[in-house]
Amino acid sequence: MTELIGWISSLVLLATLAGQNWKQWRSRSVEGVSKWLWVGQTAASVGFTSYSVLLGNWVFTVTNALLLVNGLIGFVIVSRHRRRARRREEAVPRAGALGVARGLDEGTFEHAAAKRARSV
């Protein structure tokens with residue numbers, strides 16, 4: 001019965017964190033997310049996984065190993081979103097200058113670019 005409580009708690013925790021990763025993936029936002037969160041979580045997960053193995057506790061070993069995987073997935077998601085945001089920021093000044101050079105105001109160019117992006 002004691003181990004069952006551990007496994008159920010583990011599933012609840014992992015489902016919650018996986019749901020957060022999914023939300024982060026879909027939102028494509030990195031606002032308020034620190035890379036140090038992922039560094040700290042990864043370091044703690046490696047330590048707790050090692051500790052759990054040494055104790056021979058399978059509930060905590062599996063949970064902490066999966067928390068490590070979840071943390072790494074979260075880091076990849078945030079890194080990809082940051083990279084995309086940086087690319088967009090770099091592209092906007094060039095795109096705006098191109099539109100002005102062609103005699104288009106920035107609003108017209110941005111509207112056309114947004115329309116193309118939605119159709120892809």
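- Put simply, V59 and L13 are part of the same group of oily side chains (I, L, V, M, F, W, Y) that touch within less than 4.5 Å, one to the next.
- Scanning both residues, T63 and L14, for their nearest heavy atoms gives O-CD2, 4.2 Å.
- With values rounded to the nearest 0.5 angstrom, S10 atom OG is found 13.5 Å from I5 atom CD1.
- Of all non-hydrogen atoms in V12 and T16, the two that sit nearest each other are O-OG1, 2.8 Å.
- A distance of 8.5 Å separates OG of S27 from CD of Q20, quoted to the nearest 0.5 Å.
- In summary, the side chains of S52 and N64 do present a donor paired with an acceptor at a separation below 3.5 Å, with no hydrogens or angles considered.
- Linking Ile, Leu, Val, Met, Phe, Trp and Tyr residues whenever their side-chain heavy atoms come within less than 4.5 Å places V69 and I77 in a single cluster.
- The environment of R80 atom CZ is sparse: at most 12 non-hydrogen atoms of other residues, nucleotides or ligands sit within 6.0 angstrom.
- The shortest non-hydrogen separation linking W58 to W7 is O-CH2, 3.7 Å.
- Of all heavy-atom pairs spanning L67 and Q41, the tightest one is O-NE2, 3.4 Å.
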Next item on the list: Starting from the C-alpha separation in whole Å, work towards a yes-or-no answer on side-chain contact (heavy atoms from CB on, under 4.5 Å) for L66 and V62.
Entry: CA-CA 6 Å; L66 291 174; V62 171; 3.8 Å; yes
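- Residues W22 and I73 share a single hydrophobic cluster, defined by chaining ILVMFWY side chains whose heavy atoms lie under 4.5 Å apart.
- Atom CZ of F75 is separated from atom OG1 of T42 by 8.0 Å, given to the nearest 0.5 angstrom.
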